[in-house]
**Q** 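Dropping the structure in here first, questions after.
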Amino acid sequence: MKLYLKIWRQKDASAKGQMVDYTLDGVESDMSFLEMLDILNEELISKGEEPIEFDHDCREGICGTCSLQINGRPHGPDTMITVCQLHMRSFNDGDEIVIEPWRAKAFPVIKDLIVDRSAFDRIQQSGGYISVNTSGRPVDANAIPIEKHIADTAMDAATCIGCGACVAACKNASAMLFTSAKVSQFALLPQGQVEAAERVQNMVRQMDLEGFGNCTNTGACEIECPKGISLENIARMNREYLSASVKG
Amino acid sequence: MGILDSKEPQGPLADKWTKHKNEIDLVNPANKRNIDIIIVGTGLAGGSAAATLAELGYNVKTFCYQDSPRRAHSIAAQGGVNAAKNYQGDGDSVYRLFYDTVKGGDYRSRESNVYRLAEVSTNIIDQCVAQGVPFAREYGGLLDNRSFGGVLVSRTFYAKGQTGQQLLLGAYGAMNRQIQRGKIKSYTRHEMLDLVLVDGKARGIIARNLVTGEIERHSAHAVVLATGGYGNLFFLSTYAMGANVMAAWRAHRRGAFFANPCFTQIHPTCIPVSGDHQSKLTLMSESLRNDGRIWVPKRKEDAIAIREGKLKPVQLSEEERDYYLERRYPAFGNLVPRDVASRAAKERCDAGFGVNKTGEAVFLDFASAIMRYGKEKALTSGMKDPDDNTIRELGEKIVEAKYGNLFQMYEKIVDANPYKTPMMIYPAVHYTMGGLWVDYNLQTTIPGCYAAGEANFSDHGANRLGASALMQGLADGYFVLPYTIGDYLSDDIRTGAIPTDSPEFDAAEKDVRDRMEKLMSGTGIHSVDYYHKKLGKIMWNKCGMSRNEKELKEAIKEIAELRKDFWENVKIPGRPDSKNQELEKAGRVADFLELGELFAKDALERKESCGGHFREEYQTPEGEALRDDENFKFVSAWEYMGEPSTAKLHKEDLVYENIKLKTRSYK
């Protein structure tokens, strides 16, 4: 099939970007979206032009590296997938496709479609872990029994791949879904209880410092999340935050 | 012992590690503050090593090419992590895990390393649970286990189909805690381009900031390479697109021996290649073989009709299908180890029975499992004479509960419903057992340069069992390196900071800049991918699932020619002093083009079949792998002498004092 692509090109963080039109022919329906871009890049290279840079790595939907806004939606038109799992059979011959990087103040563009998501790392560094020594000898794993449904709910929250689609989908560019997933995982598990209050306060403070917007319960983040992270996590984080604030 | 001193401790196997730890020199906590360690790669091995070494008090610098340590490819591991906990009371023990691993590796791994791995495996689970890794639980709140890949006990711990992800996030959390404390400085979007040696010791690296293009010098008292495997030299593989051999290969060029490069694991259950545009292969978890039956049509006409879309697989009756694994290996059936299942699929496809349009796929069929589960469910729900459709519906629900996410993944990629029609699968490159040669301390042949996880060669032998790679990565990082590296660093407490303005750093940086300039200066007609794909085709066709002398010799010649063409004709647009993904790829492919030749040379040299290395000249009359313990019970360790063709072979003889070598049979 033949596609008309409008792609964001930006030389570096300080340059002014713009949409550029490309026409690509010979796209097959069983190609992945990223393979379609590979082919476009081969064409550009053969013409002596600079290829379009985009982030991608595992191409299995788990590393969270790929980050394209396709026709206004993070990871494109399908649900519960990342861009690397999106296939061209979701499009038709003659379609116009608009491809942009994640749009958020806290995710500055590095080049073309690549953004800097290190703000997510800094949120995690402010408390997204359990303070246990790694070279010691902790208690036997079965000495900490955890109810199955609690372990399963913690696992659901822990499934977040940190891709940033929630931020890109949010009209306020809020990182609440991301932050709350990690807060939830540790708030649910007995191992994470001891420092729970401190954790949620630190992570929320860092999230605000990074320039992410507020949550207005729109729910777009949940709809666009490739891993189905639930809004319940945001509610849980709010409860955790409130209780931590009350305790002082 | 010669040049390859494995430094294995003496004494009984079970006491070696304890004895070694007791005899190791320690570094005073106050002195650790004066010692710097560089860790390249932040997956399970690198991330856990970084966290632990920083916690001990060393100053750690980590480097990864990804935008965050959390994205290392360890994250994609699905199945689970083994540990000899014997929680199930089914007779598991450290010795059994050790035995299964050595046997599974076709007796080509080092006994003392594998025993230590089994010994510390139980600590891994304790550690990860303490970190909040949400492993699967039973209703009583205790940890759940499952069985994996050809062993007789349930020792695999798992977190849904995302065990690698959860273990990596645990290590990443531990790293983050140390970053917050200021003990780790994390360099993301950075790539190591060279290793710097001062007085014969590893004292730093030359790295490139992938965003700004800046070439940086970083010094340290020791360098740990935890950079994963090199399976991407096949172009198509289950590896992440960025996974590369650059750091390990540059260390090899500086004197680190490269061991067993030809030992590659081909995983039998991947989604087949659909066309020339394909960039990547996706693994379907091995757990599917617990319920799926593998077959191709008995008659070639039927296979052709299926390929042309004139016949549907469900139209073939039981009698018209060849369940070739059940036919050839009645004892293990569909659950034979990965190397055996992969070769059997290739054999049928080569004989013309492949079932997709490229002729390179076999069926993985869940129809009988669906009906079996459906009948069971109908019976337990007290249904009287349910019809086939009802049984099928009930069965599909059970199968969905077990494998739902995998079935969905398959449907997204292939656009076919695996509940209604059999899945198509084919083997793909999945893991490399070879890597930098290391001694018992995980030190390479360069003093002060260590290799951990998939980047070293030591624990898996010629074949890797399921759920053992995650175990090795974490064992190396959390529990082995923190001890063994201290022994080396105890000599460095008075050294002081290593300057980066020395002639050695100048020379290494110049090398790196010259090489990059040479890459960029070509007049160029072909893209980097053009060469990578060509290399991949040679590797897959001539150094893939089966190898023979004639084709390996051809491969060596073809790769050398391709490398020459690459350096003359590769085309890299853009500039070296800014973000440039083509330049990044070019540097990596340049190294693959050297490693590929060494790989073929190693395969040619090893005149036996073992594990993932099947030499067609060495097989039993039934077509099974024929190992030669008499002549090949050794690790091949290659020394760089300027060109892959002149690489010098050193042999580390493998000594089995505790295990009797047997032929693996799954009949």
**Q** Do you know which of A/Val139, A/Leu34, A/Asp38 has the most heavy-atom pairs with chain B at a distance under 4.5 angstrom?
**A**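 Counting heavy-atom pairs under 4.5 Å, the top option is A/Val139.
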**Q** Identify which part of B/Thr122 has an atom lying under 4.5 Å from any heavy atom of chain A, answering side chain, backbone, both or neither.
**A**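 Neither part; nothing is under 4.5 Å.
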**Q** Heavy-atom cut-off 4.5 Å, strictly under: side chain, backbone, both or neither for B/His277 against chain A?
**A**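 Contact with chain A: backbone and side chain both.
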**Q** Any sub-3.5 Å donor-acceptor pair from A/Glu147's side-chain atoms to B/Arg137's backbone N or O?
**A**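 Not at all, since once roles are kept as given, no pair shorter than 3.5 Å links the two residues.
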**Q** After noting the C-alpha distance and the side-chain angles of A/Ile114 and B/Gln581, does the key distance pass the side chain to side chain contact (heavy atoms under 4.5 Å, CB included) rule?
**A** CA-CA 11 Å; A/Ile114 298 176; B/Gln581 288 179 326; 3.6 Å; yes
**Q** Charged N to carboxylate O below 4.0 Å: is that the case for B/Arg71 and A/Asp121?
**A**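 The answer is no: the pair does not qualify as a salt bridge.
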**Q** Please lay out, stage by stage, how A/Asp55 and B/Gln66 fare under the test side chain to side chain contact (heavy atoms under 4.5 Å, CB included).
**A** CA-CA 9 Å; A/Asp55 256 338; B/Gln66 297 91 345; over 6 Å; no
**Q** Under a 4.0 Å threshold between the charged nitrogen and the carboxylate oxygen, would A/Asp57 count as salt-bridged to B/Lys280?
**A**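 No, this pair does not count.
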**Q** Can you tell me which portion of B/Leu142 sits under 4.5 Å from chain A's heavy atoms? Options are side chain, backbone, both or neither.
**A**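 For B/Leu142, backbone and side chain are both near chain A.
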**Q** Of the backbone (N, CA, C, O) and the side chain (C-beta and beyond), which part of B/Phe479 lies under 4.5 Å from a heavy atom of chain A, both, or neither?
**A**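 Answer is side chain: those atoms of B/Phe479 sit under 4.5 Å from chain A.
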**Q** Heavy-atom pairs under 4.5 Å with chain A: which of B/Met175, B/Gln408, B/Lys571 has the most?
**A**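 Max contact count across the listed options: B/Lys571.
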**Q** Against chain A, label B/Phe135 side chain, backbone, both or neither, depending on which of its atoms sit under 4.5 Å from a heavy atom there.
**A**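 The answer is the backbone of B/Phe135.
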**Q** Relative to chain A, which segment of B/Gln127 carries a heavy atom at a distance below 4.5 Å: side chain, backbone, both, or neither?
**A**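 It is both, since atoms from each part get that close.
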**Q** Pick one of side chain, backbone, both or neither for B/Glu138, based on which atoms fall under 4.5 Å of a heavy atom in chain A.
**A**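 The backbone, not the side chain.
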**Q** Just so I understand: if I count every heavy-atom pair under 4.5 Å between each of A/Gln85, A/Gln124, A/Glu50 and chain B, which residue has the most?
**A**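 Winner by heavy-atom pair count: A/Gln124.
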**Q** Are A/Thr134 and B/Gln131 close enough, and set up right, to give a side chain to side chain contact (heavy atoms under 4.5 Å, CB included), and what steps lead you there?
**A** CA-CA 9 Å; A/Thr134 52; B/Gln131 284 170 348; 3.8 Å; yes
**Q** Could you walk me through whether A/Asp140 and B/Lys85 satisfy the salt bridge (Lys or Arg N to Asp or Glu O under 4.0 Å) test, starting with their C-alpha distance in whole Å, then the side-chain angles of each, then the deciding distance to 0.1 Å, before giving a yes or no?
**A** CA-CA 10 Å; A/Asp140 184 86; B/Lys85 280 284 206 182; 2.9 Å; yes
**Q** Among A/Met80, A/Arg89, A/Lys111, A/Lys182, single out the residue with the greatest number of heavy-atom pairs under 4.5 Å to chain B.
**A**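 It is A/Arg89.
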**Q** Shorter than 4.5 Å, heavy atoms on both sides: which option in B/His73, B/Arg181, B/Gln178, B/Arg189 has the most such pairs with chain A?
**A**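 So the answer, after comparing B/His73, B/Arg181, B/Gln178, B/Arg189, is B/Arg189.
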**Q** Using the rule given for side chain to side chain contact (heavy atoms under 4.5 Å, CB included), can you reason through A/Ile161 versus B/Gln165, listing the C-alpha separation, both sets of side-chain angles and the distance that settles it, and then say yes or no?
**A** CA-CA 9 Å; A/Ile161 56 172; B/Gln165 177 195 30; 3.7 Å; yes
**Q** Quick one: what part of B/Val414 sits under 4.5 Å from any heavy atom of chain A, side chain, backbone, both or neither?
**A**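 Contact with chain A is through the backbone of B/Val414 alone.
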**Q** Name, in order of residue number, those residues of residues 59-66 of chain A that have a heavy atom at a distance of less than 4.5 Å from a heavy atom in chain B; otherwise write 'none'.
**A**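 If one takes a 4.5 Å heavy-atom cut-off, the residues of residues 59-66 of chain A near chain B are A/Arg59, A/Glu60, A/Ile62, A/Cys63, A/Gly64, A/Thr65.
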**Q** Donor-acceptor check, side chain of A/Glu42 to backbone of B/Ser527, threshold 3.5 angstrom: yes or no?
**A**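 Flag not set: sc A/Glu42 to bb B/Ser527 has no pair under 3.5 Å.
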**Q** Using non-hydrogen atoms and a 4.5 Å limit, figure out which bit of A/Glu35 sits close to chain B: side chain, backbone, both or neither.
**A**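 Looking at A/Glu35, just its side chain touches chain B.
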**Q** If I take atom CD1 from residue A/Ile45 and atom CD1 from residue B/Ile525, how far apart are they, to the nearest 0.5 angstrom?
**A**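 Between A/Ile45 CD1 and B/Ile525 CD1, I get 14.0 Å after rounding to 0.5 Å.
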